[in-house]
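Structure first, commentary second.
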Amino acid sequence: MQPVECGACGNRVLVEKYSSTHTSTQWLEDAETACAEFRAAAENGTHSMYVRTCGALNESIDEAVAEGRLGESHRTVPVSGSTAEVRPY
């Protein structure tokens with residue numbers, strides 16, 4: 001996972017990009033405290049577990065990919081019945 005900083009609020013998260021549509025994000029702080037979009041949703045009664053994403057953070061992740069600061073990762077999984085071989089996921 002690679003650190004990415006949100007261009008809007010400065011919050012830092014860890015990101016793994018598996019494809020153009022599959023992104024894994026690990027928050028390092030409480031989302032409702034660290035992120036203005038999540039905080040605003042919580043103030044309106046929608047807590048972070050029900051908010052799909054932060055638009056500003058998504059833009060920062062897309063920018064990191066476009067600039068080459070965040071590359072696509074390739075997961076591997078064991079081949080059934082063998083611990084020696086792996087195949088791309």
Side-chain angles (χ1 to χ4, degrees):
M1 297 193 97
Q2 298 293 317
V4 174
E5 184 174 306
C6 178
C9 70
N11 179 43
R12 287 176 52 103
V13 296
L14 297 177
V15 177
E16 194 81 29
K17 192 79 172 157
Y18 296 108
S19 72
S20 61
T21 58
H22 184 180
T23 304
S24 178
T25 304
Q26 176 67 50
W27 288 78
L28 301 174
E29 297 182 39
D30 176 66
E32 292 177 14
T33 303
C35 172
E37 287 188 37
F38 279 81
R39 184 170 44 256
E43 289 170 357
N44 289 321
T46 304
H47 293 286
S48 62
M49 66 188 297
Y50 300 109
V51 178
R52 183 175 176 147
T53 189
C54 167
L57 181 59
N58 272 354
E59 288 177 16
S60 297
I61 292 169
D62 290 344
E63 184 178 288
V65 171
E67 293 176 355
R69 294 182 285 121
L70 180 64
E72 195 172 296
S73 297
H74 299 283
R75 294 190 282 182
T76 57
V77 294
V79 174
S80 180
S82 172
T83 58
E85 297 179 50
V86 293
R87 63 178 169 80
Y89 183 76

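When reading the values below, keep in mind they use all heavy atoms of this one structure, side chains included, and skip hydrogens, waters and symmetry mates.
Among residue pairs with one or both ends in residues 23-43, none qualify as salt bridge (Lys or Arg N to Asp or Glu O under 4.0 Å); sequence neighbours excluded. Among residues at least two apart or in separate chains, ring pair (Phe, Tyr, Trp, His ring centres under 6.0 Å) pairs with a member in residues 25-72 are Trp27-Phe38.
Closest non-hydrogen pair, Cys35 versus Cys54, comes out as SG-SG, 3.6 Å.
Under the side chain to side chain donor-acceptor pair (under 3.5 Å) criterion, Ser24 pairs with no residue, sequence neighbours left out. Qualifying side-chain contact (heavy atoms from CB on, under 4.5 Å) partners for Leu28, counting only residues two or more places apart in sequence or in other chains: Leu14. For the side-chain contact (heavy atoms from CB on, under 4.5 Å) test, residues two or more places apart in sequence or in another chain that qualify with Ser60 are Val4, Cys6. Evaluation of the salt bridge (charged side-chain N to carboxylate O under 4.0 Å, His left out) rule for Glu63 yields Arg69 as partners, not counting sequence neighbours. For the side-chain contact (heavy atoms from CB on, under 4.5 Å) test, no residue two or more places apart in sequence or in another chain qualifies with Ser20. Thr46 is linked by a side chain to side chain donor-acceptor pair (under 3.5 Å) to nothing, counting only residues two or more places apart in sequence or in another chain. Under the salt bridge (charged side-chain N to carboxylate O under 4.0 Å, His left out) criterion, Arg12 pairs with no residue at all, not counting sequence neighbours. Looking at residues two or more places apart in sequence or on another chain, you find no side chain to side chain donor-acceptor pair (under 3.5 Å) involving Asp62. With sequence neighbours excluded, no residue satisfies side chain to side chain donor-acceptor pair (under 3.5 Å) with Gln2.
Here the side chain of Glu72 pairs no donor or acceptor atom with the backbone of Lys17 at under 3.5 angstrom.
At a threshold of 4.5 Å between non-hydrogen side-chain atoms, the residues Ile61 and Thr25 count as touching.
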